[in-house]
Student: 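Following this message is one structure expressed as structure tokens.
Every chain is numbered from 1, with letters handed out A, B, ... down the list of sequences.
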2 protein chains.
Amino acid sequence: MTRGTGRGGHAAAPRSVDVARLAGVSQKTVSRVFNDEPYVSTEVRRRVLEAAEELGYRRNDAARALASGRSRSIGVVTLGTALYGPVSLLMGVERAVRDTGYALRVVNTVEGDPAGIAGAVDSLLDQGVDGIVVSEPIDESGGEGRGEGEIALRADVPVLVLGAPSPVTAPTVLTAGGGAGLMARTATEHLLDLGHMTVHHLAGPQRWYAARDRLEGWRATLTAHDREVPPVVEGDWSAASGHRAGRALAEDPGVTAVFAANDDMAIGLIRALLEAGRRVPEDVSVVGFDDTPVAAFVTPPLTTVPQPFDAVAREGLKRLVHAIEHPGAAPLPSSDPPVGLVVRASTAPPRAPGPGSALTGRRRPRGRSGPAGGASVPSTTAS
Amino acid sequence: MTRGTGRGGHAAAPRSVDVARLAGVSQKTVSRVFNDEPYVSTEVRRRVLEAAEELGYRRNDAARALASGRSRSIGVVTLGTALYGPVSLLMGVERAVRDTGYALRVVNTVEGDPAGIAGAVDSLLDQGVDGIVVSEPIDESGGEGRGEGEIALRADVPVLVLGAPSPVTAPTVLTAGGGAGLMARTATEHLLDLGHMTVHHLAGPQRWYAARDRLEGWRATLTAHDREVPPVVEGDWSAASGHRAGRALAEDPGVTAVFAANDDMAIGLIRALLEAGRRVPEDVSVVGFDDTPVAAFVTPPLTTVPQPFDAVAREGLKRLVHAIEHPGAAPLPSSDPPVGLVVRASTAPPRAPGPGSALTGRRRPRGRSGPAGGASVPSTTAS
DNA sequence: TTGAAAGCGCTAACAT
DNA sequence: ATGTTAGCGCTTTCAA
């Protein structure tokens, strides 16, 4: 490639020195202008900007990164699924990253890939990102128990783990959005408050830390209320898996309330219950998790726990960027967003209330469950 | 920064010359090894790899990009929504990009942003991407008509437009996944085949080219069959908007069949019909679009047109990478994936069939609608 | 407030 | 099959 041949192969892309020449200043001054550095007279700045505009100058990020040692980009590791939760979080991350002025590089992990997260992080590190976001980590080790699948990263940049308490080990690790346990408690207590003797749990795949969190939150709540802890049914987040689980659950007349770890599974579950002749919520109450856009419009409209994806992403990124830009400093404090519950028509008191629940009417539990929460959508059970 | 200070600020990151020294070869040889260039003896290659491993060498992408003029990365412009369609396409793109060995940079456009796609493309160009993918373009010009919102990009790299015929102008533009019109035809003809006199359309927002396509496909089909073309109801892709539209549609007894431009709107629509006392499919048949994971499990299970996101992404990327790597060559030919239809329980013949439809039983139309397609899921309408 | 010089770590072209 | 020599276009000192 002869000097002056640009990307396209025809016209040479203008460089900062070309701009400098045209503006009658030094190349360094052009650099100053484009980096908003101080000590540039407004007159010079104007001339430089004008010259740049005329030439169609566009600063070369690779050169910038090479010279400065920083790429001004953040890498994110997500699952390659279209699942509502992970995707919403990813979109929140994109927005948050863009707001900070960094660029975004994305690598998906394939579920079941042994290299998994570590491999994805590695490819991001190769790209020279300044920070890394791991969204919704999964334990690929095959172990079921907590802590077995520690993910050790040899990352020399700060890492933010989103959506679950961190199983990740690296020099600098931050966490945000680990409030699923509390949310699961809210869901479970809602059903208990309605008078159900106990609550069944349709869990997410236990390789997901987020799924473990919800399960633990549910179990802890039952235990705290001295209730029997029924066996867990595990799905894979899909409505299809919820449907399968529902077929089994429908045969057990003892099941009067189910907390599903996400809305999709709740929808499949409800479908299976209806097919088996069990009415929702008259015979069985169902609570979901996520508050997907369709949750309000399925039949019956789903009571569910909304997830604050955007708030989590924004807060996490603020802290990540802080860690990137102030390597020595103490990490910014984390704050958990409030937990809500949207009560719709898929939950009701049990048919044959157990002892002590006679007092319990259709109470509205804590959270954003007032008129505004549930009333925005009709909660009649159709036909 | 004194020489030798790496990203972290403590230990110097090893460079290829360090590896060379340790392996007892020239720096260029290290470069050869890492680029899989020919003319490296296996013995030398082994030594280099060993030295690199020992030092924890990681090649510097910025330097590579600067020296070679190529970043080996592809930028994608998407909407910042969690909508099933755009997201599935994005995931397909990520997979396809990764398979080609390129890195992925993502920029979202905010709906309603005047800078819109052009602005997003610009920021990608700043980052020095080798190619650009525009997924699901939107016309931000405010015009409703076709062609009004031409998006002129001053991109010096190839651009791939995904999901709709290209409204984008740039030196090199490729298109993939523009088969929505044909899919809309399939959906519409399914309803006509069942004996419905005409088919209403619940359209997507007409600023989306994909939504316009589906509408045109529907309209063309009705016209081709000499049927009345009812007024279009426009939603915003959400179940909530489908619900609103459904309330209006439910009042018109002439409505016996509706083709919704996506599944979410179809779900909201069905909910509204049920609330209004109109049964689905007995009184009104509904066809969706997408085949989201929940479509099979809502009540009634939704008849819908699946979208081949992965195939579209893969094919589009193959052609984009070809255009990147063979600037002069003729573009690879495009091939449209087959159109399918999944028949479930939300469609049926009309109650009071019009003339000529007496012959028309519950026929199964073209596409993957055989036993395998519909039978994987129970299609009974529950309680 | 501005400029000159010296790299950043790699690939490209040309030896050998 | 391997080494040498020049840059790539910026940021970073340091000087003026």
Student: Is the side chain of A:N60 donor-acceptor paired with the backbone N or O of A:A62 at a distance under 3.5 Å, no angle test?
Tutor: yes
Student: Would you kindly give the NZ-to-C1' distance between B:K28 and C:dC10, to the nearest whole Å?
Tutor: 9 Å
Student: Report yes if the side chains of B:V25 and B:R47 come closer than 4.5 Å at any heavy-atom pair, otherwise no.
Tutor: yes
Student: Set out, line by line, the N/O atom pairs under 3.5 Å between protein and nucleotides 14-16 of chain C.
Tutor:
none

Student: Are more than 12 heavy atoms, taken from residues, nucleotides or ligands other than A:E53, located less than 6.0 Å from that residue's CD atom?
Tutor: no
Student: Using a heavy-atom cut-off of under 4.0 Å over every strand shown, decide if B:D61 touches base, sugar-phosphate, or nothing.
Tutor: nothing
Student: Counting the atoms with a prime plus P, OP1 and OP2 as sugar-phosphate, which does B:Y57 contact under 4.0 Å by heavy atoms, base, sugar-phosphate, or nothing?
Tutor: sugar-phosphate
Student: Given atom CG of B:N60 and atom P of C:dC8, what is their separation to the nearest angstrom?
Tutor: 12 Å
Student: Decide side chain to side chain contact (heavy atoms under 4.5 Å, CB included) for B:D130 and B:V157; before the verdict, give the C-alpha distance in whole Å, the side-chain angles of both, and the deciding distance to 0.1 Å.
Tutor: CA-CA 6 Å; B:D130 296 336; B:V157 300; 5.6 Å; no
Student: Which one, C:dT11, C:dT2, D:dT2, comes nearest to the side chain of B:Y39?
Tutor: D:dT2
Student: For the side chain of B:N35, counting heavy atoms from C-beta on, which of C:dT11, D:dT11, C:dG9 is nearest?
Tutor: C:dT11
Student: Taking for each residue the nucleotide of DNA chain D with the nearest heavy atom, is it B:V40 or B:A67 whose nucleotide lies nearer the 5' end?
Tutor: B:V40
Student: Taking for each residue the nucleotide of DNA chain C with the nearest heavy atom, is it B:A62 or B:E37 whose nucleotide lies nearer the 5' end?
Tutor: B:A62
Student: Should B:S71 and B:Q127 count as side-chain neighbours, where that means a heavy-atom distance under 4.5 Å?
Tutor: no
Student: The test is side chain to side chain contact (heavy atoms under 4.5 Å, CB included); show your working for B:T78 and B:V133 and say whether it passes.
Tutor: CA-CA 9 Å; B:T78 8; B:V133 179; over 6 Å; no
